[in-house]
Protein chains: 2
Amino acid sequence: MKYIDKLRNSGLRPTKQRLQICEVLFNTERTFHFTINELEKKIKDKIDSKISLATIYNTVHAFEKKGYLKQIPVNSNQTYFDTNTTNHHHFYNLKDGKLIDLENSDVGPINIKRKIDGKKIKSIEVLVKLED
Amino acid sequence: MKYIDKLRNSGLRPTKQRLQICEVLFNTERTFHFTINELEKKIKDKIDSKISLATIYNTVHAFEKKGYLKQIPVNSNQTYFDTNTTNHHHFYNLKDGKLIDLENSDVGPINIKRKIDGKKIKSIEVLVKLED
DNA sequence: AATCAGTTTATAATGGTTCTAAACAACTGT
DNA sequence: ACAGTTGTTTAGAACCATTATAAACTGATT
Ligand SMILES: [Mn+2]
Ligand SMILES: [Mn+2]
Ligand SMILES: [Zn+2]
Ligand SMILES: [Zn+2]
């Protein structure tokens with residue numbers, strides 16, 4: 001019920017698959033980061049029916065376009081997504097490829113002094129790479 | 001001559017291909033950003049002989065490992081490299097996928113207050129996404 | 001219920017990157 | 001200079017995350 005309106009209001013039909021993916025992504029204590037492969041595993045664990053990989057991709061991209069997910073820029077062969085769509089920064093643990101949220105109070109304001117003509121700043125993202 | 005010592009000192013044999021790639025990458029007025037595809041085109045334009053794609057990949061990765069190139073984390077289906085290996089930040093023009101260097105004086109120091117046990121900070125990179 | 005538009009799915013295609021293994025080129029020691 | 005050794009290049013194949021395809025299906029609308 002909780003996600004039916006959210007989907008309808010976004011112009012997305014509340015299908016069984018999308019509602020199940022919503023449960024996995026948004027019905028959680030805390031936000032989290034994931035790759036499509038990790039999400040696929042999570043979905044398999046949480047539900048008994050099967051959702052095709054194509055649908056997982058379609059849904060993640062639909063949710064990203066609607067602003068319910070965002071991509072995190074990291075150097076990897078896989079795309080990282082975040083269910084935390086607020087402006088925030090990240091630690092990136094090179095050892096295991098895991099992201100950790102930095103609270104804004106952990107970083108302090110980023111002041112970009114330079115401007116590019118005819119361009120607006122869409123986002124400012126800090127990535128702090130961690131090694132042992 | 002200029003790059004022969006650089007390569008030898010790095011434990012890399014100064015082959016014809018590596019020297020040619022050095023010319024394209026490092027014998028320039030300014031540093032620049034590139035994808036492998038763009039580098040391949042640049043090499044084709046600058047030299048008449050052909051260098052195989054595998055060698056371009058091998059060389060770029062060898063140079064990256066030696067610290068003569070670095071990867072820039074962006075959300076893209078291609079890996080972005082930078083011949084500017086100093087600590088600096090970037091604008092990323094979403095329209096055309098081009099990176100622009102931000103001088104450190106354009107950003108001001110980034111102060112990461114939080115620490116992760118047993119981990120060292122390897123790098124801090126700011127990506128400023130630009131839209132129209 | 002009939003229709004329409006949107007969605008799911010299995011599967012194929014795409015494309016950047018990496019692997020393979022054979023040919024080749026640079027170094028070393030003599 | 002030569003032979004032996006090791007590192008490098010190469011064409012092509014393999015890999016694999018992602019996207020495209022198009023037929024079956026489902027939800028919304030009348
Ligand atoms: Mn990569
Ligand atoms: Mn991608
Ligand atoms: Zn996050
Ligand atoms: Zn740069």
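Order of the sequence lines sets the chain letters (A, B, ...), proteins ahead of strands, with each chain counted from 1. Side chains included, hydrogens not; waters and symmetry mates left out as well; all remaining heavy atoms used.
Within 6.0 Å of CG in A/N87 there are 12 or fewer heavy atoms belonging to other residues, nucleotides or ligands.
For D/dT18, the OP1/OP2 oxygens have a side-chain nitrogen or oxygen of A/Y57 closer than 4.0 Å. A close approach under 4.0 Å does occur between a side-chain nitrogen or oxygen of B/N37 and OP1 or OP2 of C/dG16. In this model, the phosphate group of D/dT19 is approached by a side-chain N or O of A/H61 to a distance below 4.0 Å at OP1 or OP2. When the side-chain nitrogen and oxygen atoms of B/R18 are compared with OP1 and OP2 of D/dT8, one or more of them lie within a distance under 4.0 Å. Using a 4.0 Å cut-off, no side-chain N or O of B/T15 falls inside it from OP1 or OP2 of C/dA26. An OP1 or OP2 oxygen of C/dT17 is reached within less than 4.0 angstrom by a side-chain nitrogen or oxygen of B/T79. Between B/R8 and C/dC27 there is a side-chain N or O to OP1 or OP2 distance below 4.0 Å.
Under the 30°/60° scheme for interplanar angles, the aromatic rings of B/Y3 and B/F26 are found to be tilted.
For A/L53, whose side chain is taken as the heavy atoms from C-beta onward, the closest listed nucleotide among C/dA26, D/dT18, D/dA20 is D/dT18.
At a threshold of 4.0 angstrom between heavy atoms, the contacts of A/N58 include nucleobase atoms, whether or not backbone atoms are also involved.
With respect to the salt-bridge test (charged N to carboxylate O, under 4.0 angstrom), the residues A/K50 and A/E40 do not qualify.
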